[in-house]
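Here's the structure, in structure tokens; my notes come after.
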Amino acid sequence: MSQPRRTPRRRARTALTLSALLCVLAACSAGPGDDAAPAPSVAPTPSGPPGTLFDSFHYSGPGDPSLAAHGWEVRTGGGGPGIQDTWSAAGADFPSDATAQGGRVLRLQSSTDGTHQGTRQVEVQGTGKNLFTGTFAARVHFSGKPTTGRNGDHVVQTFFPISPADDSADYSELDFEYLPNGGWGTTGPRLDNVSWHKADPPDRVSHTLARRTEGWHVLMVTAMNGTVTYSLDGEVLFTSSGKYVPREKMDIHFSNWFIDTPAPGGPRTWDMKVNWVYYKADEAVSPADVQKTVDGFYSAGTTHIDTVPKA
């Protein structure tokens, strides 16, 4: 089950440094090599199927103006969850990845040395505030061990639609949370699904899948007709209903964070990767049809679509 509740989060207010601004104005790229990214650009939102959001994260970095134009921001503000006020844009990038469909990913790389000052958490969040009922899906790579350094951290790797404000009267949140080493007094690995009705005091229902789920997976949440259904690679894991369903429009978030700071043991990094994200408004789309639609976007060379009505 998810933690008792996070400290109220604050929206990111990302500001470009002078060097980043000059880089954008000069349309500089990441340089040669396999991870070289395309030059930043702001393209108009393409036409496509109505009520559809799709993104394959073909961006040059957190300062790429297309990222903001397409409704994303990298969190740099304060608040929780996890280690307070350690959110940093430095951990977000968009490298090439041979294991990803289309060959590129959003990577969220969090790091810690066991101290507050040596910890960096990463979150990428939507800004549209316009996603409600329908089908949410993402292809996500969970890590079962750190990319560098010793294992043992209580890390949480997440995909979730959530209300823009924690104190909303119609608060809504639908979570996938992978805890490879457990946390909050529990052991791992575990994959938690949590449907929220209220943030503070916590009012939620949850389910835990007690097995390793590192590697690539398609995570899906369908919220239709008064029922929320969570599935992993087409396997239904949990359903919620009654008051534990969306009550207002939400944004999609991806985050990689630490529950606590264990004893120092040298620096270590944890990677979470996102290949693509998809949303279809007001329709329950099957896993097979989600993948078919995503395959069609890749075949057509489409990296981003957003035809969801604005909030």
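One-based numbering along the sequence shown.
Checking each of Leu219, Asp175, Val274 against Phe159 for a side chain to side chain contact (heavy atoms under 4.5 Å, CB included) leaves exactly one that passes, namely Leu219. When each of Gln157, Glu214, His217 is paired with Tyr178, the side chain to side chain donor-acceptor pair (under 3.5 Å) condition holds for Glu214 and for no other.
Its side chain within the 4.5 Å cluster rule, Trp216 clusters with Val105 among the Ile, Leu, Val, Met, Phe, Trp and Tyr residues. Using a 4.5 Å cut-off between side-chain heavy atoms of Ile, Leu, Val, Met, Phe, Trp and Tyr, Val155 falls into a hydrophobic cluster with Ile83, Phe258, Trp270.
A single hydrophobic cluster is not seen to contain both Met224 and Val245; linkage of ILVMFWY side chains at heavy-atom distances under 4.5 Å, directly or through other members, places them apart.
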Using the side chain to side chain contact (heavy atoms under 4.5 Å, CB included) rule, take Tyr59 and His70 through it: C-alpha gap first, then chi angles, then the decisive distance, then the call.
CA-CA 10 Å; Tyr59 302 106; His70 291 167; 2.8 Å; yes
For Leu53 and Tyr278, run side chain to side chain contact (heavy atoms under 4.5 Å, CB included): C-alpha distance rounded to whole Å, both residues' side-chain angles, the deciding distance at 0.1 Å, then the answer.
CA-CA 5 Å; Leu53 170 67; Tyr278 168 87; over 6 Å; no
Yes or no on ring pair (Phe, Tyr, Trp, His ring centres under 6.0 Å) for Trp276 and Phe297, after CA distance, side-chain angles and deciding distance?
CA-CA 11 Å; Trp276 50 258; Phe297 291 145; 9.6 Å; no
Before giving the answer on ring pair (Phe, Tyr, Trp, His ring centres under 6.0 Å), spell out for Phe57 and His304 the whole-Å C-alpha distance, their side-chain angles and the decisive distance to 0.1 Å.
CA-CA 8 Å; Phe57 299 107; His304 174 264; 9.4 Å; no
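Using a 4.0 Å cut-off between charged side-chain N and carboxylate O, Glu235 and Arg211 make a salt bridge. Using a cutoff of 4.0 Å between basic side-chain nitrogens and carboxylate oxygens, Lys129 and Asp251 are not scored as salt-bridged. The existence of a salt bridge linking Asp97 and Arg104 is excluded, since no basic side-chain nitrogen approaches an acidic carboxylate oxygen closer than 4.0 Å.
Interatomic distance, Lys243 NZ to Ser195 OG, rounded to the nearest 0.5 Å: 12.5 Å. Atom-to-atom distance recorded for Ile252:CD1 and Gln125:CD is 12.5 Å, nearest 0.5 angstrom. To the nearest 0.5 Å, atom OG of residue Ser240 and atom NE2 of residue His197 are 12.0 Å apart. Atoms OG1 and CZ, from Thr133 and Arg247 in turn, are 14.5 Å apart once rounded to the nearest 0.5 Å. Of the inter-residue distances, the one linking Thr112 atom OG1 with Arg120 atom CZ reads 11.0 Å to the nearest 0.5 angstrom. With rounding to the nearest 0.5 angstrom, the CZ atom of Arg75 is 15.5 Å from the CZ atom of Phe254.
Under the 3.5 Å distance criterion, with hydrogens and angles disregarded, no donor-acceptor pair is assigned to the side chains of Ser163 and Glu173. Remark: the Gln109 side chain and the Asp271 side chain contain an N/O donor-acceptor pair separated by less than 3.5 Å. Under the 3.5 Å distance criterion, with hydrogens and angles disregarded, a donor-acceptor pair is assigned to the side chains of Thr208 and Arg190. For the residue pair Thr222 and Thr229, no side-chain donor N or O sits within less than 3.5 Å of a side-chain acceptor on the partner. Side chains of Thr158 and Ser255: a donor-acceptor N/O pair is present below 3.5 angstrom, by distance only. Defined by atom type and a distance below 3.5 Å, a donor-acceptor pair is missing between the side-chain atoms of Lys280 and Thr135. For Thr115 and Asp113, the side-chain atoms include at least one donor-acceptor pair closer than 3.5 Å. In this structure, a donor-acceptor pair under 3.5 Å is present between the side chains of Asp203 and Tyr244. Checked by atom type, the side-chain pair Asp260/His154 shows a donor-acceptor distance below 3.5 Å. The closest side-chain donor-acceptor pair between Gln121 and Thr86 falls under 3.5 angstrom.
Considering all non-hydrogen atoms of both residues, Ser111 and Thr269 come closest at CB-CG2, 3.7 Å. Residues His253 and Glu123 share a closest heavy-atom pair of ND1-OE2, 3.1 Å. The shortest heavy-atom contact between Val124 and Ala92 is CG2-CB, 4.3 Å. Contact between Thr227 and Ser241 at its shortest, heavy atoms only, is OG1-CB, 4.3 Å. Annotation for Pro180 and Ser143: closest pair CG-O, 3.6 Å, computed over non-hydrogen atoms. The two residues Tyr298 and Gly102 have their closest heavy-atom pair at CE2-CA, 3.6 Å.
In this structure a side-chain-to-backbone donor-acceptor pair under 3.5 Å is present from Thr186 to Gly183. At least one donor-acceptor pair under 3.5 Å links the side chain of His58 to the backbone N or O of Ser56. Of the possible polar contacts, one joining the Thr307 side chain to the Gly51 backbone as a donor-acceptor pair under 3.5 Å is found. Between the side chain of Asp289 and the main chain of Gln291, no donor-acceptor pair closer than 3.5 Å is present. Here the side chain of Asn275 pairs no donor or acceptor atom with the backbone of Ala100 at under 3.5 angstrom. Remark: side-chain polar atoms of Arg150 are not paired, donor with acceptor, to backbone N or O of Asp153 under 3.5 angstrom. Listed for the Asp93 side chain is no donor-acceptor partner under 3.5 Å among the backbone atoms of Gly61.
For the side-chain hydrogen bond (donor to acceptor under 3.5 Å, both in side chains) test, no residue two or more places apart in sequence or in another chain qualifies with Ser231. Residues satisfying the side-chain hydrogen bond (donor to acceptor under 3.5 Å, both in side chains) test with Asn130, not counting sequence neighbours, are none. Tyr230 is linked by a ring pair (Phe, Tyr, Trp, His ring centres under 6.0 Å) to Phe176, Phe238, counting only residues two or more places apart in sequence or in another chain. The side-chain hydrogen bond (donor to acceptor under 3.5 Å, both in side chains) test applied to Tyr279 returns no partner, not counting sequence neighbours.
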